[in-house]
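Structure first, commentary second.
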Amino acid sequence: MQRFIIAAATAASLFSTPVLAQEAHAWEIEDEFGNVTFAVENAIVGAGLVVDHVSHTGEMLERTRADVGSDRVIFTQADIYSFCSATVSRAVMEANPANVQYCPYTVFVYETPERPRVITVGFRDYPAGEMDQVEELLGGIVAEALMLEE
């Protein structure tokens, strides 16, 4: 049995590719965290979308900090908004069904202890091509939330 597990792990490693860190599109604004998250949620809803889930990542990391043996506070607050667009998702998945891996789309919002009241808002970078539509959607949501000129 142990030989099977080792052989399976070796075979899996031959067919996997390393995950490379992706750059993110991010903007900063000086404001209260609650004001910015309210604006992000309103921009998502205002675009005709539904927030599927809000991940309170900052709270989770703080709650589990001691459990994992860390004394570092990473975020004062950090939330990630997950949602999808039927129109954009259909377009990018009709172009390439493998684009399902990118749905739902997310917008992150965070504040660090080193920079109070400086709130970072952004989204991950997607591959060029048909996923440009997703970046346009997300960029419009962030621009609306932060009242940026597009």
Starting from the C-alpha separation in whole Å, work towards a yes-or-no answer on side chain to side chain contact (heavy atoms under 4.5 Å, CB included) for Ile141 and Phe83. CA-CA 12 Å; Ile141 288 169; Phe83 53 93; 3.7 Å; yes
So do the side chains of Tyr105 and Leu138 get within less than 4.5 Å of each other, counting heavy atoms only?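 Counting from C-beta outward, Tyr105 and Leu138 do come under 4.5 Å.
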What I'd like to find out is whether the side chain of Leu49 reaches to under 4.5 Å of the side chain of Leu137, using heavy atoms alone.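 A side-chain contact exists here, since the closest heavy-atom pair is under 4.5 Å.
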Heavy atoms only: give me the nearest [X]-[Y] pair and the separation to one decimal.
| X | Y | result |
| --- | --- | --- |
| Thr76 | Thr112 | OG1-C, 3.2 Å |
| Ala39 | Ala145 | CB-O, 3.4 Å |
| Tyr81 | Val51 | CD2-CG1, 4.0 Å |
| Arg72 | Ser70 | N-OG, 3.1 Å |
| Glu111 | Arg117 | OE2-N, 2.5 Å |

Could you grab the distance from atom [atom1] of [X] to atom [atom2] of [Y], nearest 0.5 Å is fine?
| X | Y | atom1 | atom2 | answer |
| --- | --- | --- | --- | --- |
| Phe33 | Gln77 | CZ | CD | 5.0 Å |
| Arg63 | His56 | CZ | NE2 | 10.0 Å |
| Leu146 | Glu28 | CG | CD | 10.5 Å |
| Asn96 | Glu130 | CG | CD | 5.5 Å |
| Ile29 | Met147 | CD1 | CE | 6.5 Å |

Do [X] and [Y] share a hydrophobic cluster (ILVMFWY, side-chain heavy atoms under 4.5 Å, transitive)?
| X | Y | result |
| --- | --- | --- |
| Leu148 | Val118 | no |
| Trp27 | Val36 | yes |
| Met93 | Val134 | yes |
| Phe123 | Phe75 | no |
| Val54 | Leu61 | no |

Say whether Thr57 and Tyr110, considering side chains only, have a donor N or O and an acceptor N or O under 3.5 Å apart.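 Result is no, nothing qualifies.
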Indicate yes or no for a side-chain donor-acceptor contact from Glu135 to the backbone of Tyr126 under 3.5 Å, with no hydrogens or angles considered. yes
Main-chain N/O of Ala91 paired with Glu94 side-chain donor or acceptor, under 3.5 Å: no
For residues 60-94, the disulfide (SG to SG under 2.5 Å) pairs (sequence neighbours left out) are Cys84-Cys103
Enumerate the residue pairs fulfilling disulfide (SG to SG under 2.5 Å) with a member in residues 111-140, sequence neighbours excluded, ordered by first and then second residue.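 Every pair satisfying disulfide (SG to SG under 2.5 Å) with a residue in residues 111-140: there are none.
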Are Ile119 and Asn35 close enough, and set up right, to give a side chain to side chain contact (heavy atoms under 4.5 Å, CB included), and what steps lead you there? CA-CA 10 Å; Ile119 313 302; Asn35 292 341; over 6 Å; no
Could you work out, with side chain to side chain contact (heavy atoms under 4.5 Å, CB included) as the rule, every residue matching Val73, not counting sequence neighbours? Glu62, Arg65, Pro113
For atom CD of Glu114, is the number of surrounding heavy atoms from other residues, nucleotides or ligands below 6.0 Å larger than 12? yes
